[in-house]
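A, B, ... follow the sequence lines: proteins, then strands. Residue 1 opens every chain. Heavy-atom basis, side chains included; hydrogens, waters and symmetry copies ignored.
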Protein chains: 2
Amino acid sequence: MSGGVEWALHCCVVLTSVREPVPAARLAQLHDVSPSYLAKQLQALSRAGLVRSVQGKAGGYVLTRSPELISVLDVVEAVDGPGPAFVCTEIRRRGPLAASPESCTAPCAVKRAMAGAEAAWRDALRSVSVADLARDVTSDYGPGTLAGISAWLGAAEA
Amino acid sequence: MSGGVEWALHCCVVLTSVREPVPAARLAQLHDVSPSYLAKQLQALSRAGLVRSVQGKAGGYVLTRSPELISVLDVVEAVDGPGPAFVCTEIRRRGPLAASPESCTAPCAVKRAMAGAEAAWRDALRSVSVADLARDVTSDYGPGTLAGISAWLGAAEA
DNA sequence: GGAGATCTACTCGGATAGGTCCTGTCCGAGTGGGCGGGG
DNA sequence: CCCCGCCCACTCGGACAGGACCTATCCGAGTAGATCTCC
């Protein structure tokens, strides 16, 4: 799993607390990570339509919709790609005892098992929204946490 | 996810139908895959204790226990490693607004969400055994399928 | 004919190159705001 | 004083190297069976 997923999720949580666009560089120094690489992750979020990028002097990134409507799965798929982690290479059709093509209408048992597990994983990620994460943050570190971050983002320099 | 997982699972299913040791090279030509690389996967299974390797002229690999007691998760962890796919780098403790160490007793919200999803994934894989896969194979391609494979494995040459 | 030692051939196991994707970085295109000039 | 045009600085976006992990491969250590010899 790509490590940039973590960065993207934290950025989404942070973006929950602001309505003004936040530049990628500012998010990077907030998290103390590579600005250029974080920019790449945010571009992925932008391509997926989760955030809206505004250019110009006061530009940056803003969430396109309410945090309740953004699931963790959305972010993960945007950064890591929507494709499944397990790819079936159809081994059953190869070799001297290959299964006949008319027997292969349904996916093989191995693929079914892996697909079911990935479906459970996706369901779990889909059931958690960015708003839920933000709520957990407030309950973990206190109500003023996100407000403080929002104020720091708006301030001039660190 | 490592592609070798698929090979290992199919090999385990095949090994369900035999009691004699099967060489890695024979499993490789049955599946029409690279013998050397398949050997590496089987070595991983051996290290994990899922299969027993016997050397010598009639050597090969055999399952160490009943297929009902081998879960798909066991195979996946043996090949891909037991570590979780998502690794939390503790971003919250970095940057100018880093969370205080005494606030970080519990894992952060992002890590909790990802860990929960991976737990669901693992549970799904744990609930499926290699015996279940073999049963699905018989119901998919007919009762004689595994018997035919077993006979082919015992035959001299292809 | 039977038993023993040897010998061979076959097996696994780990150490070794190559390829592909993730990680990290850079610079150019585009755009909104700020400033100066004019009415 | 207000409006317009220009300029600039700041932003994103995609194209470019470096590194790590997965993929693929090879050869050596070890062992079980088969063979040959001797009794």
Would you mind writing out the side-chain donor-acceptor pairs for residues 91-101 of chain B within the sub-3.5 Å range, not counting sequence neighbours?
unit_1	atom_1	unit_2	atom_2	d
B:Arg92	NE	B:Glu90	OE1	2.8
B:Arg92	NH1	A:Tyr141	OH	2.6
B:Arg92	NH1	B:Ala106	O	3.1
B:Arg92	NH2	B:Glu90	OE1	3.4
B:Arg92	NH2	B:Ala106	O	2.9
B:Arg94	NH2	A:Asp32	O	2.6
B:Ser100	OG	B:Ser103	OG	2.6

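Considering every non-hydrogen atom in both A:Ala120 and B:Ala124, the closest pair reads CB-CB, 4.4 Å.
Judged by a 6.0 Å distance limit and a 45° cone about the ring axis, A:Arg26 is positioned over the six-membered ring of A:Trp152.
The interatomic distance linking B:Leu38 (CG) with D:dC26 (C1') rounds to 16 Å, in whole Å. Taking atom OH of residue B:Tyr37 and atom C1' of nucleotide C:dA17, one finds them 15 Å apart after rounding to whole Å. Taking atom CE of residue B:Met1 and atom P of nucleotide D:dC21, one finds them 17 Å apart after rounding to whole Å. Rounding to whole angstrom units, CD of residue A:Gln29 and C1' of D:dC10 are separated by 14 Å. The interatomic distance linking B:Gln41 (CD) with D:dC22 (P) rounds to 11 Å, in whole Å. In this structure, A:Glu20 places its CD atom 11 Å from P of C:dG33, rounding to the nearest Å.
The closest side-chain donor-acceptor pair between B:Asp132 and B:Ser129 falls under 3.5 angstrom.
Within residues 76-83 of chain B, no residue approaches DNA chain D, by heavy-atom distance under 4.0 Å.
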What string of B, S and - do you get for nucleotides 11-18 of chain D, 5' to 3', when a contact is any protein heavy atom under 4.0 Å?
-> SBBBB---

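Sorted by first then second residue, the ring-ring contact (aromatic ring centres under 6.0 Å, His included) pairs that include residues 46-72 of chain B, not counting sequence neighbours, number zero. Pairs engaging residues 14-54 of chain B under the ring-ring contact (aromatic ring centres under 6.0 Å, His included) rule: B:Trp7-B:Tyr37 [sequence neighbours left out].
Criterion: ILVMFWY side-chain heavy atoms under 4.5 Å apart, direct or through other members. Under it, A:Val18 and A:Leu45 are part of a common hydrophobic cluster.
Not counting sequence neighbours, the partners of B:Asp140 by the side chain to side chain contact (heavy atoms under 4.5 Å, CB included) test are A:Arg112.
OP1 and OP2 of D:dT23 both lie 4.0 Å or more from every side-chain N or O belonging to B:Ser34.
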